Number of protein chains: 2
Amino acid sequence: MSTVVRPSLIEIAPQSMRPTALPDHVYAVLKQRILSCAVQPNERLIEKKLCEELRISRTPLREALNRLSHEELVSFQPHAGYRVAGITLAGFRNLIELRSIVEPQAAALAAERATPGDIAALRAQATLPYDPSEDRSFVQYCQANSRFHLLVVRCARNPMLENIVMSALDMYQRPTYLRIGRQMDPGNPSSKHHAIVDAIEQHDAEAARKVMYRHIRGGGERIMTALRDARIA
Amino acid sequence: MSTVVRPSLIEIAPQSMRPTALPDHVYAVLKQRILSCAVQPNERLIEKKLCEELRISRTPLREALNRLSHEELVSFQPHAGYRVAGITLAGFRNLIELRSIVEPQAAALAAERATPGDIAALRAQATLPYDPSEDRSFVQYCQANSRFHLLVVRCARNPMLENIVMSALDMYQRPTYLRIGRQMDPGNPSSKHHAIVDAIEQHDAEAARKVMYRHIRGGGERIMTALRDARIA
DNA sequence: ACAAAATATCTTGTATACAAGTATACAATC
DNA sequence: GATTGTATACTTGTATACAAGATATTTTGT
């Protein structure tokens with residue numbers, strides 16, 4: 001393949017993702033498009049079109065699509081192709097259940113294992129930027145929220161938990177985004193976040209668990225009713 | 001590709017896996033070889049050799065290898081190739097932690113949601129076949145144990161939890177197998193399994209959670225000390 | 001006009017050729 | 001003798017051609 005620049009790959013990739021190899025590039029770009037709803041849920045993904053658009057061949061593209069389908073961000077049927085994963089109420093309910101199982105326990109472990117440096121990082125990320133007057137801030141808000149939750153899990157020092165939560169947060173992003181796009185009150189979670197950091201700072205595992213549980217359940221319920229009302233899923 | 005039979009693909013694939021497409025075949029065969037330690041931990045996996053051996057091309061093989069590396073059963077470095085994942089004490093500790101977070105909660109949900117049919121299926125799978133005189137029964141024992149734990153999670157009616165536990169059980173198999181292969185007492189878990197089914201049958205979520213937690217922690221600790229003593233990891 | 005079947009087109013599935021990067025072995029030098 | 005540079009062989013990375021299966025359309029029969 002030639003060494004021409006691929007402008008379409010530079011795009012809006014967030015600084016958190018630092019792809020190096022071609023399949024990673026493609027994966028990051030497609031994931032970004034999906035999570036930001038730049039491509040609609042259930043929209044079909046045609047290999048050939050994506051290849052031409054991204055100026056790559058099918059091999060690295062398919063690798064990226066396979067990864068995305070494993071993370072259930074795209075659905076796949078043999079010989080029938082790939083689609084952007086749909087958003088369903090049942091799926092979101094399962095997602096909330098998963099998060100409310102894993103993250104509170106991870107927060108409890110974080111309370112036991114977090115270093116002073118960890119706690120400073122958490123505190124810095126606890127307050128979310130949210131400015132209703134700017135449209136662009138929606139996506140940034142979601143991403144900042146994800147970063148905080150990921151940072152908490154990271155304090156538990158268990159990469160397996162980290163991967164699970166990372167994937168769960170990715171799946172959580174679209175419903176959050178759709179809901180905020182319609183109903184302007186994100187129910188500012190910054191205070192909850194600071195309460196979680198407080199508990200971790202005091203090494204109070206039980207408190208960290210409880211606050212995180214209530215935070216996830218509360219936010220999840222609000223998004224779920226919004227989705228139901230808007231008949232999105 | 002020609003339509004000749006591929007004898008190497010039929011092999012020892014367990015009946016639980018029903019692969020249809022070529023990448024699924026390959027995935028199942030490789031996974032089986034890895035989990036049964038037919039290929040050693042850290043052993044290198046050369047694409048060309050596997051292609052010739054399995055009579056397939058590199059495309060479906062690479063798809064299978066990618067899946068396996070995503071499940072952390074094989075490790076991968078760009079341009080340096082694939083290896084069977086190694087077994088480390090830290091990794092196993094993380095795995096126990098993950099299981100002891102997810103499975104007890106899943107058991108609690110199972111106690112709330114299991115149908116009479118579910119409970120009958122659990123009861124049927126609770127007693128594990130173990131005959132120390134037969135070498136072959138080791139693998140079967142491990143698989144039967146995995147099936148029981150998977151069946152419990154299935155009662156929670158949450159496919160995401162199911163996938164996580166399925167992957168965790170796969171990763172758990174090799175340490176279990178290695179340990180039993182050295183030290184003959186598997187510490188018969190059948191009684192614990194029946195206690196779990198009892199709790200689920202009585203819809204006692206709290207009891208189900210506690211028994212499952214102790215079961216996983218106990219078994220995990222025993223395997224971990226055995227690994228440490230044998231200097232496997 | 002409606003339904004069913006056949007065909008044409010499009011999409012994915014697999015194989016393979018070629019490009020690029022890595023590791024190893026050997027030789028030269030310190 | 002150890003170490004570093006270099007060349008070669010080997011392995012993976014990407015692209016593309018061809019095969020097989022699915023879908024949509026059209027045509028034909030009732």
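Quantities reported herein were computed from a predicted structural model and do not represent experimental measurements. Labels below follow one simple rule: chain letters A, B, ... track the order of the sequence lines, proteins then strands, and each chain is numbered from 1. Only this structure's heavy atoms are used, side chains among them; waters, hydrogens and symmetry mates stay out.
Rounded to an integer number of Å, the gap from CD of B/Gln77 to P of C/dA23 is 7 Å. Atom CZ in A/Arg55 sits roughly 18 Å away from atom C1' in D/dT16 (whole-Å rounding). Remark: C1' of D/dT12 and NZ of B/Lys49 are 15 Å apart, rounded to the nearest angstrom. As a whole-Å value, the separation of A/Ile56 CD1 from D/dT14 C1' is 10 Å. Between the P atom of D/dT12 and the CG atom of B/Leu50 lies a distance of 9 Å, rounded to the nearest Å.
Annotation: side-chain contact (heavy atoms from CB on, under 4.5 Å) contacts of B/Ala168 (sequence neighbours excluded): B/Leu95, B/Leu98, B/Arg99. For A/Ala126, the side-chain contact (heavy atoms from CB on, under 4.5 Å) partners two or more places apart in sequence, or in a different chain, are A/Phe148, A/His193, A/His194, A/Val197. Taking the ring-ring contact (aromatic ring centres under 6.0 Å, His included) definition, one finds that A/Tyr27 meets it with nothing, sequence neighbours left out. The side-chain contact (heavy atoms from CB on, under 4.5 Å) search around A/Glu43 returns A/Val39, A/Gln40, A/Val84, not counting sequence neighbours.
Using a 4.0 Å cut-off on heavy atoms, the residues of residues 39-48 of chain B that approach DNA chain D are B/Arg44, B/Leu45, B/Glu47, listed by number. Listed in residue order, the members of residues 59-68 of chain B having a heavy atom less than 4.0 Å from DNA chain D are B/Arg62.
Distance from the side chain of B/Arg58 is smallest for C/dC18 among the nucleotides C/dC18, D/dA15, C/dA15. Considering only side-chain atoms of B/Ser57, the nucleotide from D/dA15, D/dG13, C/dA15 that sits closest is C/dA15.
Residue pairs meeting the ring-ring contact (aromatic ring centres under 6.0 Å, His included) criterion with at least one member in residues 154-173 of chain A, sequence neighbours excluded, are A/Phe92-A/Tyr172. Counting only residues at least two apart or on different chains, the salt bridge (Lys or Arg N to Asp or Glu O under 4.0 Å) pairs with a member in residues 115-125 of chain A are A/Asp118-A/Arg157, A/Arg123-A/Asp198, A/Arg123-A/Glu201. The list of ring-ring contact (aromatic ring centres under 6.0 Å, His included) pairs with a residue in residues 38-80 of chain A, not counting sequence neighbours, reads A/Phe76-A/Tyr82.
The pair B/Arg67-B/Asp24 meets the salt-bridge criterion, since a charged nitrogen lies less than 4.0 angstrom from a carboxylate oxygen.
In this structure, A/Ala64 and A/Val26 approach most closely via the heavy-atom pair CB-CG1, 3.7 Å.
Toward the 5' end of DNA chain D, the nearer of the two residues A/His79 and A/Pro23, judged by each one's closest nucleotide, is A/Pro23.
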